[in-house]
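So that the names make sense, note that chain A is the first sequence line, chain B the second, and so on, each numbered from 1.
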Amino acid sequence: MNLSLTLTINGEQREIVLDDPRVTLLDLLRERLHLTGAKKGCDRGQCGACTILVDGQRINSCLALAISYDGSAITTIEGLAENGALHPVQQAFIDHDGFQCGFCTPGQIMSAVGLIAEAQADGDAERIREAMSGNICRCGAYQGITEAVLDAQAKISTGKERDAA
Amino acid sequence: MNRFEYVRPTSIAEAVAAAGEPGSAYLGAGTNLLDLMKGGVTQPSRLVDLTHLPDLGQIEQLPDGSTRIGALVKNAALAHDPAFAEAFPAVAEALLSGASAQLRNAATVGGNLMQRTRCAYFTDPASACNKRAPGSGCDAIGGENRAHAVLGWSDHCIAVHPSDFCVALTALGAIVEIEGPAGRREVAMTDFYLLPGDTPEKETVLDAGEMIVAVRLPAEAAAFAGNQRYLKGRERTSYAFALASAAAALKIENGLIVEARLALGGVATKPWRVQAAEAVLAGAAPGKEAFEKAAEVAFAEAKPSGDNAYKIALGKRVLARALMMAAAGTPERMPALPASPFAPLPEGVVNV
Ligand SMILES: Cc1cc2nc3c(=O)[nH]c(=O)nc-3n(C[C@H](O)[C@H](O)[C@H](O)COP(=O)(O)OP(=O)(O)OC[C@H]3O[C@@H](n4cnc5c(N)ncnc54)[C@H](O)[C@@H]3O)c2cc1C
Ligand code: SF4
Ligand code: FES
Ligand code: FES
């Protein structure tokens, strides 16, 4: 039996037909839609490499059944840059050496974007480390990651203040 | 993962009817169910997706003063709801000490209550496990069992209930609202989970087709808001299951404890309310002496089930510390490291 669903992926509405209900959001993105930015580290919710935003909230796409997310809006790392300009979180990861091999990076960045939107961490490095603990980095780039999130968060909030003024 | 039929009901009645078929399982966010299905631990032939049901995603204040949490409310949304976190700060702290931000954004209240044990033999289909395959034995007994239970275990199963949320709910006397083929009923959290006995595969009072529709915190539970904490000992500061945890809530008047609510996590086969220890505290002056005594009483029946005698000593200290922190007062803001023993101690709290 075929199952159909509608997803808005990085701003574009897609009608998707699945021949198998077992497909996760991660496998849908990577294997069927060829959006390979989200990575499969553990496939079991433990590493955060597959982090994406669903309706603006960060989740692990490996433990999400695609068919269940019918009607959702999804943002992946491919959808962050606007007109070729990097998202402030992407730029901050470069500026602060927030990665080495880069495998965890799309998940780290998506998680950081979600974290900043949650607005729970303010400028406290300890709160940021805690809120990023669902993203494992085998290369141990944690220091740079924390600095990148602090910097991006500050830039995004001053940007918002500027826009409001 | 096995193939399954996917069903998306549009009402509770439809969901209950669909799940009455043998081999069916309810799907919340799937953060536990899909994990277990990927490992071949559970193989449901039908998934009944609850996530599109209307009306189960609200946090409501009822006319009798109780708070009702719909089964589809996300763990993170509940913890960050300002009114909820103010009334039940230890529940919010317990939620925020569990899993990761991504998992809490997805995980539902109903799914959290129904999550399965993290016993490594349960999750390994090649091992003997009475919970997964009744009658096959228990490889945890005599195996790697540092993380297993010291309270409530039997010769058939020594696995710990993994939830943090449920520990705080249990302390505060939460009630589970259930809907099933025979209609609606409600069960106190303390009666909802079953001891393993010789049927560890039967974990809750839910019958086939029954689902959780909501969890309710009674009005009187909010009276403990000023002095309550959750403390969780684990192998790293964040993103790890409890080895020993405690929810402690106190009502303090004129310098004396009027009433206490206590429950333990990570040490027992179900979220473990300790009413005998609560009784010890009623009328006592808050402090090291009373709290250590309560901790002794809470663990009076504890017995190692293997290589885990340390949990008795650890559990007592966690409970006494949680009480010290609760007596010092609920912090104004959620600590940077929720429930962490490594967070700075509030002023006046002595190490126990
Ligand atoms: C890496 C990792 C770390 C974690 N760490 C922690 C931790 O530290 N502390 C902690 O407490 N938890 C932890 N968890 C577990 C997490 O809290 C659960 O996976 C989550 O709460 C389950 O919710 P869900 O909506 O995804 O449930 P599902 O996975 O959808 O369902 C879980 C079970 O509940 C049943 N179910 C779901 N909804 C209902 C309902 N309304 N009525 C009846 N049955 C229902 C399902 O059939 C299934 O059996 C962790 C999980 C992972 C993957
Ligand atoms: S402790 Fe319980 S869950 Fe673990 S192997 Fe034994 S029977 Fe299974
Ligand atoms: S791949 Fe999803 S959390 Fe590791
Ligand atoms: S940069 Fe290599 S895993 Fe994080």
Are B:R333 and A:D124 within salt-bridge range, i.e. N to O under 4.0 Å? no
How far apart are the closest heavy atoms of A:S133 and B:S238, and which atoms are they? OG-OG, 2.6 Å
At a heavy-atom distance under 4.5 Å, which candidate from B:E5, B:M1, B:M334 has the highest pair count against chain A? B:M1
Side-chain (B:N105) to main-chain (A:R58) donor-acceptor, under 3.5 angstrom: yes
Chain B heavy atoms under 4.5 Å from A:E118: which part of the residue, side chain, backbone, both or neither? side chain
Atom CD of residue position B:E86 - does it have more than 12 heavy atoms of other residues, nucleotides or ligands inside 6.0 Å? no
Which residue out of A:L115, A:D122, A:I128, A:V54 racks up the most heavy-atom pairs below 4.5 Å with chain B? A:D122
Residue B:L96 versus chain A: region with a heavy atom under 4.5 Å: backbone
Shortest non-hydrogen contact from A:Y69 toward B:A29: OH-O, 4.4 Å
Tell me yes or no: between the side chains of B:T51 and A:S68, is some donor less than 3.5 Å from an acceptor? yes
Here the pair of heavy atoms bringing A:P21 nearest to B:R3 is CD-NH1, 3.8 Å
Could you check whether atom CD of B:E14 has more than 12 heavy atoms from other residues, nucleotides or ligands sitting under 6.0 Å from it? yes
Does the B:Y239 side chain pair with the main chain of A:Q46, one donor and one acceptor, at a distance under 3.5 Å? yes
Can you tell which part of B:D35 gets under 4.5 Å to a heavy atom of chain A, answering side chain, backbone, both or neither? both
Name the region of B:N2, side chain, backbone, both or neither, that has any atom closer than 4.5 Å to a heavy atom of chain A. backbone
Going by heavy atoms in the side chains, are B:F4 and A:L65 under 4.5 Å from each other? yes
Mind listing the closest non-hydrogen atom pair of B:K38 and A:C62 along with its distance? NZ-O, 2.7 Å
Inter-residue atom distance B:R8.CZ - A:L3.CG, 0.5 Å rounding: 8.5 Å
Would you name the heavy atoms of A:L63 and B:T31 that are closest together and state the gap between them? CD1-O, 3.3 Å
Over all heavy atoms of both residues, which pair between A:S111 and B:Q102 is shortest? Give the atoms and the distance, please. OG-NE2, 3.4 Å
